Amino acid sequence: MARPTHPSNLELQALSVLWQGGPSTVAEVHETLPDGKERAYTTVLSVMQNLERKSLVKRKRVGRAHVYEAAFSQEVIVQKATQDFVTNAFGGRLGEALLAILSAGNLTPDEKTNIERELQRHKTMAAKKTAKKAAAKPAKKAPAKKAATKAPAKKAAPKKAATKAVKPAPAKKAPAKVAKKAAKKVAKSAKKTAKKAAKKTVAKKAAPAKKAAAPKKAAPAKKAAPAKKAAPAKKAPAKKAAAKKAVKND
């Protein structure tokens with residue numbers, strides 16, 4: 001079915017007469033136009049002819065009269081007009097448009113019932129849409145679960161890091177004890193280093209003393225050696241002199 005042409009405001013009034021009262025003649029439409037303004041019969045006739053030209057109404061002959069019937073339902077024609085009205089007058093805010101329409105007049109009990117029924121239908125439709133979206137979400141998340149099972153090692157690494165990061169927590173609760181232990185360790189290490197340093201200094205001081213003593217003892221030994229060798233040299237002339245004396249005596 002082709003999309004119907006958007007009718008004018010007066011054409012909409014004529015169509016509303018056909019939707020409410022059914023197939024009607026031009027005279028019947030002229031008498032029951034909603035705005036109640038005085039118009040000539042020929043004006044309404046031209047309106048009905050324009051609607052027929054736009055294929056919005058169908059005309060058939062009943063006896064000597066011409067009867068017009070709406071070619072499309074009120075919902076199909078009014079939907080486009082309503083969208084234009086809400087967009088142009090209220091910027092697309094449907095709630096404001098509804099409040100404005102309700103304040104335009106008084107509703108009959110039947111009209112109130114119909115409106116309540118329509119609102120309830122919208123609520124059920126909205127609930128069904130949300131339920132469908134909620135049911136469709138797990139299906140979309142299923143591939144993510146499969147990917148997680150393929151690579152569980154990657155997720156396990158952050159857990160280990162988290163447990164390691166949690167272990168130092170007790171140190172924050174007792175900083176005084178840790179400080180005391182650290183101080184004791186530092187004192188012990190300082191004592192050890194001091195003892196080692198003292199031993200090294202004593203050893204260094206003792207080493208030169210030993211080396212200096214060695215030359216003092218060796219000096220007399222070197223001087224005594226020539227004295228022993230010189231003694232025979234002194235005795236030799238004495239023997240020669242005695243020999244000479246003996247010779248002289250003979």
Side-chain angles (χ1 to χ4, degrees), residues 1-140:
M1 183 181 291
R3 187 175 182 179
T5 306
H6 186 62
S8 65
N9 291 334
L10 188 56
E11 289 172 351
L12 276 173
Q13 289 189 45
L15 286 171
S16 67
V17 173
L18 299 179
W19 288 326
Q20 296 299 322
S24 305
T25 61
V26 176
E28 292 172 346
V29 173
H30 178 257
E31 291 175 359
T32 55
L33 285 173
D35 60 2
K37 292 181 179 180
E38 293 183 0
R39 292 182 179 88
Y41 176 85
T42 54
T43 302
V44 179
L45 176 61
S46 62
V47 168
M48 300 307 293
Q49 289 174 351
N50 289 334
L51 288 173
E52 184 180 7
R53 195 178 301 110
K54 292 180 180 180
S55 300
L56 294 176
V57 296
K58 297 176 182 179
R59 180 172 60 88
K60 61 182 179 179
R61 192 181 182 94
V62 179
R64 296 179 62 182
H66 293 273
V67 179
Y68 292 88
E69 181 181 3
F72 298 92
S73 65
Q74 186 177 11
E75 183 179 0
V76 174
I77 300 300
V78 173
Q79 185 176 9
K80 181 65 171 61
T82 304
Q83 289 177 354
D84 293 342
F85 171 69
V86 173
T87 302
N88 297 329
F90 299 95
R93 295 180 291 274
L94 182 59
E96 294 181 9
L98 290 173
L99 293 174
I101 292 169
L102 290 173
S103 62
N106 296 324
L107 296 173
T108 62
D110 292 338
E111 289 174 345
K112 290 180 180 179
T113 303
N114 293 333
I115 290 172
E116 290 175 357
R117 188 184 299 111
E118 188 66 18
L119 290 174
Q120 187 61 35
R121 187 177 70 84
H122 279 283
K123 288 181 180 179
T124 54
M125 287 176 65
K128 287 180 180 179
K129 286 181 180 179
T130 53
K132 286 181 180 179
K133 288 180 180 179
K137 282 181 180 179
K140 292 180 180 179

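It should be emphasised that the depicted structure is a prediction, and the values quoted were computed from it without experimental measurement.
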Hey, what do you get for CD (Glu116) to OG1 (Thr113), rounding to the nearest 0.5 Å? 6.0 Å
Distance, nearest 0.5 Å, that separates CD of Gln49 from OH of Tyr68: 5.5 Å
Could you tell me the separation between the CG atom of Asp84 and the NZ atom of Lys80, rounded to the nearest 0.5 Å? 3.5 Å
With side chains defined as the heavy atoms from C-beta onward, is the minimum distance between Arg121 and Arg117 less than 4.5 Å? no
If I take atom CZ from residue Phe90 and atom CG from residue Leu99, how far apart are they, to the nearest 0.5 angstrom? 9.0 Å
Crowding at CD, Glu118 (>12 non-hydrogen neighbours, <6.0 Å): yes
With a 4.5 Å cut-off on side-chain heavy atoms, are Val47 and Arg39 touching? no
How about Asn88: does its CG atom have over 12 heavy atoms from other parts shown lying under 6.0 Å from it? yes
N/O donor to acceptor pairs below 3.5 angstrom from side-chain atoms of residues 11-23, sequence neighbours left out:
{"unit_1": "Glu11", "atom_1": "OE1", "unit_2": "Ser8", "atom_2": "N", "d": "2.9"}
{"unit_1": "Glu11", "atom_1": "OE1", "unit_2": "Ser8", "atom_2": "OG", "d": "3.4"}
{"unit_1": "Glu11", "atom_1": "OE1", "unit_2": "Lys54", "atom_2": "NZ", "d": "2.9"}
{"unit_1": "Glu11", "atom_1": "OE2", "unit_2": "Lys54", "atom_2": "NZ", "d": "3.4"}
{"unit_1": "Gln13", "atom_1": "OE1", "unit_2": "Asp35", "atom_2": "N", "d": "3.2"}
{"unit_1": "Gln13", "atom_1": "NE2", "unit_2": "Asp35", "atom_2": "OD2", "d": "3.3"}
{"unit_1": "Ser16", "atom_1": "OG", "unit_2": "Gln13", "atom_2": "O", "d": "2.5"}
{"unit_1": "Trp19", "atom_1": "NE1", "unit_2": "Phe72", "atom_2": "O", "d": "3.0"}

N/O donor-acceptor pair under 3.5 Å between Gln79 side chain and Val76 backbone: no
Could you tell me the separation between the NE2 atom of His30 and the OG1 atom of Thr43, rounded to the nearest 0.5 Å? 7.5 Å
Just grab all the salt bridge (charged side-chain N to carboxylate O under 4.0 Å, His left out) pairs involving residues 58-68, residues at least two apart or on different chains. Glu52-Arg59
Note: Ile77 and Leu56 closest approach over all heavy atoms is CD1-CD2, 3.9 Å
Please report the closest heavy-atom contact between Val57 and Met48, naming both atoms and the distance. CG2-O, 3.9 Å
Enter the distance from Glu31:CD to Ser24:OG here, rounded to the nearest 0.5 Å. 10.5 Å
